[in-house]
Structure formats: C-alpha cells, structure tokens
Engineer: 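This structure is in structure tokens; I'll ask about it shortly.
Just so it is clear, the values below take in all heavy atoms, side chains as well, and ignore hydrogens, waters and symmetry mates.
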Amino acid sequence: MEKSRKYANVIIDISHEKVDRPFQYRIPERLQEKIEVGTPVDIPFGKGNTLRKGYVIELTDEPNWEPDKIKDITGIRQDAVNAEDISIRLAAWMKRHYGSTFSAALKTVLPANKKQARQKRKFVSLRMNVREATEYFYECVRKKQKARERILREILETPDERIPYELITNKLNVSAATLKSLADQGIIRIEEEEYFRKPVAGDSSRYGNKVLSPEQQEIVSSFTRDYDEGKRETYLIHGITGSGKTEVYIALIDEIIKRGKQAIVLIPEIALTYQTLMRFYRHFGDRVSVMNSSLSPGEKFDQMERARTGDIDIIIGPRSALFTPFPNTGIIIIDEEHESTYKSENAPKFHARETAIELGKLVPDGASVVLGSATPSLESYYRAKEGEYKLFELKRRLTGGTLPTVEVADLREELRSGNRSIFSRRLQQLMEDRLSRGEQAMLFINRRGLAGFVSCRSCGHVFKCPHCDVSLSEHRGGRLVCHYCGYEEPVRKICPKCQSKYVSSFRAGTQQIEDEVKKFWPGARVLRMDADTTRTKGSYDKILSSFANKEADVLVGTQMIVKGHDFPDVTLVGILAADMSLYASDYRASERTFQLLTQAAGRAGRGEKAGNVVIQTYQPEHYSIQTASKQDYEAFYEEEIAYRDLLRYPPVSHMMSVQIQSKDEAEGMEFSNKLRAMMEMANNKLIFGNAVFIGPAMAAISKINDVYRMAVYVKMDDYEGLIAYKDMLEKYIKDQESAGRLRNITVQFDFDPVNGF
Ligand code: ADP
Ligand code: ZN
Ligand code: ZN
C-alpha cells in the first residue's frame, strides 16, 4: 500500500495528557523519505515559532484544518538518541506489530510521569550483638513465639545487613506491632530514610559469586565472548528449578555492569518472592531496585528516576519493568519466560519477549536477551531449535533434594471400581500417610480454561471441534460450541464412544475440595487459595507465609499455588483434575497443561524428604500428561510441535485474532462478517500473501457486562502479511469511526494469542 506522507501529527511534550492531542505539520518535500512514525523532529511552535523538539506519531494525507495554516516541519533532530527517543520508537514498533492506537502504545512504554514526593523507606537491622540475639532466638523458639522466631532467624542469617521493612512484614508475615516491640526491647533497629537508597548495607562482596558449575560457566563465557565481539543475541536457558539459572543471571549481570551497562530482569509478579529479591540485594546491594504493582505511582516514578540518573544498575520487576529508561541497557533477562503474564491483555497486546528483543535492537550499542525456564514456551524452544536463539541446557539440580515420584491415577478406573469421590484411592492413601507424619500436602485444581468442556467420565472421550481440534464448550441452551470457527452441535446425554451416560462438564471448585478434605480428614488444618481468598491486598502473601510457617497441613488452590514458592516440608502434591486445562478451547491447552503439571510436580520434594505427586486424570494416555509425569520436556515438545505444524498454529505459523466487541450481538456479527469479507477479497487478489480465515465465532467468554464478544482469526506463515491485514482493517475502522458509524463496536487485535478471549 502507498504510504500517506503529506502531513505529520506531532506531539511536543511527552506527557500523558498531551499525547492524545497532537499538532499537525506539513512534511517538506526534502524530508518525505526520511520521516516515519517515531522520528524526532524540530518544529516551530506557538506564536513566536520557537523551535521545539517533537515526535512524529502519525502520517496522514488529510489536513486537520486549512492547509495554508499548517506549518512545515523544520528538520529531523540529529542529537544523540536518548531514552525518550527509544521509548517512542518502541511504541511505534508496538503499534505496528500488535495493533493499537499510538497513544495507547505510548502510554504503555512511558513510565508514570507524575513527580511525587519521595517516599520514605524503612529498614530493619540487628541492634544487639549476635550472641545475645542468638540467645533471644532460642528463647522465642522455647516460648513458641513464631513470628519473633522467624524474623530473628532471617536477621541472624546475615547479621550485618539491613533488610527492607516491607519484605519482613509482607513475606515473613510479621506484624508492625511485633517489630515495634522488638525495637523497643533494643533487639532490632528500625531506620527510616528517603528512597531505597541502601536496601542492604555493608559489604556485598561477602556474597560474591558462587563458583559456577562447568555448565553454568559455559553459558557465562559464551555470552561474554559474543558480547565482546559485538554480537547481540537471544539466549534460552532451559533448566529445571534449582538448576542454577538465577546464579547464572547474577553472573551475567556482573559482566554487563563491568562493561558499564545496565540490566533489566523480568520476573512474573507472582514469583517475586522474598528469597529471590534478597539474593539480588545481597549481591548487588543498593545498585538494584524493584518494581511491582504494590508500589505507589510516586514510588514507581522514583525508581524510574533512579534508573535514568544512574543511581541503580539493575531493575527487577514484572512485564512493565521492561520500560525502565536506563541510559545503556546491556542485558534483558526474562525468567520463567513461558508465563502467560508476559503477554499484555490490553492493547497493544504485546509480548514482553518479542518486545525485549526489539528493545535490544533499539538501545545504543544493543542489548542481549536471556530467557530462562524449566518448561520453555513452544515459541522459544522452536526458535532455539531453528537456530534463531542460542540454547543452553542446565540438567542437574544443584539444591540437592530428590525429584519426586510421579504417579498417574486413572479416574475412569476409579469410577469403575465404585470410587465416586474427588480423591483417587492412591491419593487418599498418601494423604493419610503424610498427615499422620506431620508433613504438608498441596492439592491443586487446574482451573485454567474452565470454559465448560464436556467429557465422558467413563471413557474419557472429549467433545472436540471436527475442524479445529480444540474442545467444544457447553453453552446455555444445550449447545456445544467451537470458539474458533463457530461450529455447533447439541449436547448429548450418551457418550458416542462407549454409550455410557456419565457425560458431563467438569466443574469442581476449590471450596468444594476444601470441604471434602475436611470431611475425609477432620483433623487436618486446611488453607485455601483462589481468586476469592486473595481478593484483599496482602492476603496472597499471608496465606503463603502462613503455610510456609506450618500453620496448616494442606493447601488447596488454583494455579496460584504452583508458582515460585519453596515449601521444604511439602512431600505430597495432588493434581485433582489435570484435564481441566487440557481441554481449554484454544490451541495452547496442551502446552499450558504440561507447564502446570510440571510446575505442580516440582512443588514436592524441595527439601530433604522425597516427595510424591499424584496426577488424577480421565486421559492418562494424553501426551501432556504422559510427558509431564516423566518430566520429559523434549518428548512433549516433539508431540506438540507436530500438532501445531499440522494445523498451522503458532509458532510454526502466525495467527491474528481480530476481537470485536459490540453492545448489539447481531450488529457485531454483521460487522465481523464484513471484516472477514474484506480480508478475503484482498486475499483473493493475493495482495498480502496467502491467508486462512476462520470465524467469526463467539468468544470463549461470549458476553461481559452486556457486551458481546466475537472474533475472526487469520492464520498466515508470514507475520508481515498479518500486519498488512491489520493495517487495512485499522484504516477501515478509523474511517468508519470518523463517519460516526461505529458507535457500538470496538475492535482489538491480538497477534499469536496467548490468553484466551
Ligand atoms: P534456578 O534459578 O534455576 O531455580 P538457582 O540459581 O536458584 O536455580 O540455584 C538453586 C540453588 O543452588 C540455590 O540455592 C543456589 O544458591 C545454588 N547454586 C546455584 N549455583 C550454584 C553453584 N555454582 N554452586 C553452589 N550452589 C549453587
Ligand atoms: Zn465414553
Ligand atoms: Zn472449530
């Protein structure tokens, strides 16, 4: 398509309020070829026509007002690229790559810009000497003063350090009153100061690098060799939990800092645990800071300022920490890179992994990207196999601890032998054993993709779409529906495969499981963790620390409980219904199941004692379950990639979901059909290459707040082709909007979707 290049919409001031109100300038002939979205330009501004710096955010052929009143762009800014330029370019890339308005993209990459009063930070350190404190510690143990015991144990581990106050109150679950009383007794000292200046005082060299294992060393050497030769690559470290990935990250960051660069470390918010943070603090002291959702806007702003001004070298945080404005980012590390939280759920629906790689290209001198996971995403492993990323394997667990024994319980078999409870006989047996020994158990229910798939409890048969090979979902009115292509069939009462009448959609909640546990084992102390019990701030940490502190025997929960926590006394993990996520109605169902099962299994046997895992399922022969029970990633990958290849799903091909939301169902469907027809017409002329269209169909969640949701899918081997379709639709939608014809409808795009719609 021909580009519109007569006028440029320019923003002068990168502040959120102004972003939505760009100023229009004419692009002079001599600059036509050079100006694109994101280019920094000089423009005459205001009555005096003072020269100001602005950024082009949009190119258009249509003047917003009388053409002869529009001023010319003076020239392109030639000064050195700064953090702001990079953010703008990244936003431009995100807009193009994922589809959104420029201002939405800009708001995503620009950190909160409201300067606020600096926050005070508090730290806790030991006041008495170590001998006295140790005596006091034993006194607490004797008196069973658990909270005091916990804090003293933590402080005594590193008696010369100061520990951030919030880390103690949040993660160790020690109340402010307890801390105050300890301070009043002269046992600890609580200090307050601006900022995170020195989260950890003293000599951090004591916590120097561990001597790396040969496998770890190989990664670090290989990385630094590349780096010093000017190669900026993407590296994937595949290693089970405890195989030493974090230690490698720390060594890599050391190397990067030696070279005068900075590091961004992304960790899923849920895995930002006290232990992880303290490892970084201990090693890097006051050069590291944290971003997370519990920081106030002012605190976030402060961390960004510290990054900008060189006060820190390392930021650790979830997805949004990617946009930390370091002057010289040298490395971007993404831990647990397979996590779906790395994909934004709001437009632009960007993926942190791809965006990190793009950012690595934009920063001065380039940055390398390091991905780490025990169960890499299909995307990353595929790219590594194709040679696009460099792959490293860490095969040994350095923590000691034995890998758990995993058993699969066939629920069809249980039914046949008359066991109708939600616990298989094997799980019941193991539960009894653990409870009698005073060890802990976790019961995990997989609620991902609970869109109501329907299966036969007798033979395990699952109703699937004949066209898309994803599970059909039960809808009101007794219909089974495919969320990709809209295929429908009536719900059947009798299984077509084995003629049994045990056909149902599987719905068991955490509440129900908690009740069952109490019924089976009245003496057991049970904690429950799910969306309901973690609604209030801090409740999530409370439950986890309470379980870690052995205030309960059994933790029942959703996938929340399987991530990033170490409970050395857990020796039994029961996965009650592994099938739930297996039959989510999207193409990533098997992958997610494998990841969840592997992670859940990894919860058992972290400490000295060996652990057991029981996976309950109606589909014991399914490859996700088979390979997860053997902890065999490679075997899973081979099966899964063959399936993706056959049906042209990502990462083998690419897929764009055009998500339409409408207050009026019929109007939405009509518009969706119109979009599909437009794309098909272009496809028939082979303008953008060969695409496959699916839908429109109602979304997995077909209605939210009285807004109907539907989607059209486009599959294409060529990502650029999908972008071309997206651009075409965006233009059409914008025209319709300007003409006032789209009042009830909004459209969003999702490329290579990760989260269901
Ligand atoms: P991961 O991030 O893969 O879960 P970690 O880096 O946390 O693994 O390492 C697991 C444990 O092994 C940690 O307690 C860590 O201190 C220890 N560890 C890691 N590397 C080494 C090493 N080279 N020598 C001794 N201990 C190590
Ligand atoms: Zn059946
Ligand atoms: Zn279908």
Engineer: If we check side chain to side chain contact (heavy atoms under 4.5 Å, CB included) with I333, which of these qualifies: L266, I253, I264?
Structural biologist: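 Considering L266, I253, I264, a side chain to side chain contact (heavy atoms under 4.5 Å, CB included) with I333 is found only for I253.
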Engineer: Among all residues two or more places apart in sequence or in another chain, which pass the salt bridge (Lys or Arg N to Asp or Glu O under 4.0 Å) test with R89?
Structural biologist: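 Testing R89 for salt bridge (Lys or Arg N to Asp or Glu O under 4.0 Å), a comparison that skips the adjacent residues, returns none.
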Engineer: With sequence neighbours excluded, what pairs up with R148 under the salt bridge (Lys or Arg N to Asp or Glu O under 4.0 Å) test?
Structural biologist: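 Here no residue qualifies.
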Engineer: Run the numbers on S377 and R353 for side chain to side chain donor-acceptor pair (under 3.5 Å), then give the verdict.
Structural biologist: CA-CA 11 Å; S377 62; R353 187 195 313 121; 3.1 Å; yes
Engineer: Step by step, would you call H238 with Y381 a ring-ring contact (aromatic ring centres under 6.0 Å, His included)?
Structural biologist: CA-CA 9 Å; H238 174 209; Y381 207 69; 5.7 Å; yes
Engineer: Applying salt bridge (Lys or Arg N to Asp or Glu O under 4.0 Å), can you list everything that pairs with D313, at least two apart in sequence or on another chain?
Structural biologist: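 For D313, the residues satisfying salt bridge (Lys or Arg N to Asp or Glu O under 4.0 Å) (neighbours in sequence not counted) are R287.
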Engineer: Just jot down the ring pair (Phe, Tyr, Trp, His ring centres under 6.0 Å) partners of F751, sequence neighbours excluded, or say none.
Structural biologist: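 Checked F751 against ring pair (Phe, Tyr, Trp, His ring centres under 6.0 Å); matches are Y719.
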Engineer: Are the side chain of T224 and the backbone of S221 linked by a donor-acceptor contact shorter than 3.5 Å?
Structural biologist: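 Judged by distance alone, yes, a pair lies under 3.5 Å.
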Engineer: Could you check whether R308 makes a cation-pi contact with F326, meaning its NZ or CZ is under 6.0 Å from the centre of the six-membered ring and within 45° of the ring axis?
Structural biologist: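 No, a cation-pi geometry is absent between R308 and F326.
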Engineer: Is there a donor-acceptor pair closer than 3.5 Å between any side-chain N or O of Y389 and the backbone N or O of S380?
Structural biologist: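 Checked: no pair found.
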Engineer: Please say whether more than 12 non-hydrogen atoms of neighbouring residues, nucleotides or ligands are located less than 6.0 Å from NZ in K180.
Structural biologist: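 It does not: K180 NZ has 12 such atoms or fewer within range.
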Engineer: With a 6.0 Å cut-off (strictly less than), is the heavy-atom count around CD of E345, excluding the residue itself, greater than 12?
Structural biologist: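 Not more than 12 within 6.0 Å, no.
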Engineer: Is R383 salt-bridged to E354, cutoff N-O under 4.0 Å?
Structural biologist: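 So R383 does not pair with E354 through a salt bridge.
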Engineer: For R319 and K343, indicate whether the former's side chain and the latter's backbone hold a donor-acceptor pair under 3.5 Å.
Structural biologist: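 The answer is yes, because a donor-acceptor pair under 3.5 Å joins these two groups.
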Engineer: Looking at E255 and K258, is there a salt bridge between them, counting it only when a charged N and a carboxylate O are closer than 4.0 Å?
Structural biologist: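 Yes, K258 and E255 are salt-bridged.
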Engineer: Could you tell me which residues satisfy salt bridge (Lys or Arg N to Asp or Glu O under 4.0 Å) with E149, sequence neighbours excluded, listed by chain and number?
Structural biologist: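 Partners of E149 under the salt bridge (Lys or Arg N to Asp or Glu O under 4.0 Å) test: R153.
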Engineer: Would the distance check show the side chain of Q216 and the main-chain N or O of S213 forming a donor-acceptor pair, the cut-off being under 3.5 Å?
Structural biologist: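 Checked: pair present.
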Engineer: Should the pair D286-R162 be classified as a salt bridge under the 4.0 Å nitrogen-to-oxygen rule?
Structural biologist: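 A salt bridge is absent here (no side-chain N lies under 4.0 Å from a carboxylate O).
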Engineer: So, using ring pair (Phe, Tyr, Trp, His ring centres under 6.0 Å) as the criterion, who are the partners of F749 when residues are at least two apart?
Structural biologist: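 Ring pair (Phe, Tyr, Trp, His ring centres under 6.0 Å) list for F749, sorted by chain: empty.
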Engineer: Do the side chains of D85 and R77 get close enough for a salt bridge, i.e. N-O under 4.0 angstrom?
Structural biologist: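 Salt bridge: no.
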Engineer: Per the ring-ring contact (aromatic ring centres under 6.0 Å, His included) rule, which among Y249, Y235, F392 passes with F223?
Structural biologist: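 With F223 as partner, Y249, Y235, F392 yield a single ring-ring contact (aromatic ring centres under 6.0 Å, His included), made by Y235.
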Engineer: Given the side-chain rings of F123 and Y281, with only the six-membered ring counted for Trp, is the space between their centroids under 6.0 Å?
Structural biologist: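 For F123 and Y281, the ring centres are not under 6.0 Å apart.
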Engineer: Is it true that atom CZ of R396 has more than 12 heavy atoms of other residues, nucleotides or ligands lying nearer than 6.0 Å?
Structural biologist: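 Check fails, neighbour count at 12 or below.
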